[in-house]
Amino acid sequence: MKSLIKEFSKGITVLNPTFGLILGLCPTLAISTSLFNAIGMGVAATFVLVFSNLIISALRNFIPARIRLPSYIVIIATFVTICELGLKAYLPGLSKSLGIFIPLIVVNCIIMARAEAFASSNRILPSIFDGLGMGIGFTLGISIIAFIRELLGSGSIAGIGLLKSNEFILVMILSPGALLTMGLLIALSRLLGLTKR
Amino acid sequence: MTDSLLVNTSPHLHKKESVKRIMWLVTLSLVPCGLAGIFIFGLGALWIIVLAILAAVITEFVLQAATRRRITVFDGSAVLTGLLLAYNLPADVPFWLPVVGAIVSIAIGKQVFGGLGQNIFNPALVGRVFLMASWPKYMTTFVRPLSYDAVTSATPLAALTEGKALEGISYLDLFLGNRPGCIGEVCILALLIGAAFLLLSKYISWHIPLSYIFTVGLLSYVFGAKTLFAGDWFSHILSGGLILGAFFMATDYVTSPLTYKGQFVFGIGCGIITVVIRLWGGYPEGVSYAILIMNAATPIIDRYTRPRIYGS
């Protein structure tokens, strides 16, 4: 049980995908313009991560080593398709604003990295906890960035405007703002010792 | 008393130069164009300069105190950054704008990298570009000169970009600063006085400014009009922030190449990017972006222009 908690918590702190491993940057930089989108993206990626880790771990002794990456992609793509169709059916608004970044979860390097580095050589239960921890770590990372960018760039939190004004820092919701926020947060997390360099 | 018998290895030469002295002398050389800017645009310009300098110095002090490093606010580098930032702003921006810009300049442009000497980009230009991207409305609204009220007006560069001839503005107007623009960039005469002081006392070399201005002149002569070789190159040199940028910002010791050969490459690169942005880009002025892009290229330029070791 103790080791399961460790597998779960390492994705949130030391090996946080956003601030520690610095993986999955495309969605992190592109989707973090609003908190609502960021949480949606994080939950979708977590769903895919947990189930792909589960299946890959279960099949780890049957997948030949030479074709393992194509096999992983087929498994991941299956869950991404489930996720995409589910979002279209039940949350069409979110599906529209995330757009291409939902299908792109297939090539998200966090998911590939966990499949290759963890699920392919570990038992099922630790793999699920690893996927869950990584997914929550990613969701937290992208949400923190999105919270700061949305607050400074458009003066609102999850779409709820706080101030009636036009003087917000426009650059924060443009791409330089994403890179600035992310860089400063990585520095802060290292300063606080949450992640290692 | 043992200290007086201390024997060091060479070099034994001593000079009175220090970072502090150079920074304050560059600041001094920028005073004439600031005075001209205040005369041309009114006392509002003075407040913007004062606010930018104060904000820069206070930010530097707070960050150095918070990270428990040596407090170096009196070496003049923060004052210079604030001053250059203010010179890059129009004269009627709201008073919080220079403050935000100076905080970004010092915090994100300089202290994040470890302070003076470590920054890869010119801090004042980082602040200016941040403001330009965030509040383009304020950054591109210029006061008409010598009218002392907020009558907005297009800069000569905006007209040049559209390929029109300059109406009502002579070369003499451009040279003396009787045109809309940023506080410190308009009076070419005052800028050249400061630049001449720096060049004659050898605080800056002529390589970057000359290659920069020459490239801009040449390219704007060739491509600046509808037909080739008919551009108004003299207006291109005199308008916008070219003179301020070429003499005072592209020559920043920290962010420009070390060798003369590298400085030529740097200046020519700045010139090409400036003209491309001015003639075909989305903004009428490209000096700040050109210098920042070449700042990023400086380590590569330094690597390929490293001098041969004597005897090798």
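Here is the naming used below: chain letters follow the sequence lines, and residue numbers restart at 1 for every chain. Computed from a predicted structure; not experimentally measured.
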Can you name the closest pair of heavy atoms from B:Pro136 and A:Leu170 and give their distance?
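B:Pro136 and A:Leu170 have their closest heavy atoms at CD-CD2, 4.4 Å.
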How about A:Val171 and B:Val129: do any of their side-chain heavy atoms sit closer than 4.5 Å?
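SC-SC contact between A:Val171 and B:Val129 ruled out.
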Side chain, backbone, both or neither: which part of B:Val112 has a heavy atom under 4.5 Å from chain A?
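Answer is side chain: those atoms of B:Val112 sit under 4.5 Å from chain A.
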Within a reach of under 6.0 Å around [atom1] of [X], are more than 12 heavy atoms found that belong to other residues, nucleotides or ligands?
X        : atom1 : answer
A:Leu104 : CG    : yes
B:Phe61  : CZ    : no
A:Phe36  : CZ    : no
B:Tyr253 : OH    : yes

Under 4.5 Å from any heavy atom of chain B, what part of A:Leu184 do you find: side chain, backbone, both or neither?
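Only the side chain of A:Leu184 comes within 4.5 Å of chain B.
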Could you look at A:Ile169 and say if it's the side chain, the backbone, both or neither that has a heavy atom under 4.5 Å from chain B?
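Both backbone and side chain.
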Which residues satisfy the ring pair (Phe, Tyr, Trp, His ring centres under 6.0 Å) test with A:Phe79, sequence neighbours excluded?
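Listed in chain order: A:Phe51.
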Enumerate, by atom name, each donor-acceptor pair separated by under 3.5 Å where one atom lies in chain B and the other in chain A.
unit_1   : atom_1 : unit_2   : atom_2 : d
B:Ser134 : OG     : A:Val171 : N      : 3.3
B:Trp135 : NE1    : A:Glu167 : O      : 3.1
B:Trp135 : NE1    : A:Phe168 : O      : 3.3
B:Tyr138 : OH     : A:Glu167 : OE1    : 3.3
B:Tyr138 : OH     : A:Glu167 : OE2    : 2.6

So, taking the atom named CZ in B:Phe130 and the one named CG in A:Leu180, what distance separates them when rounded to the nearest 0.5 Å?
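The distance works out to 6.5 Å.
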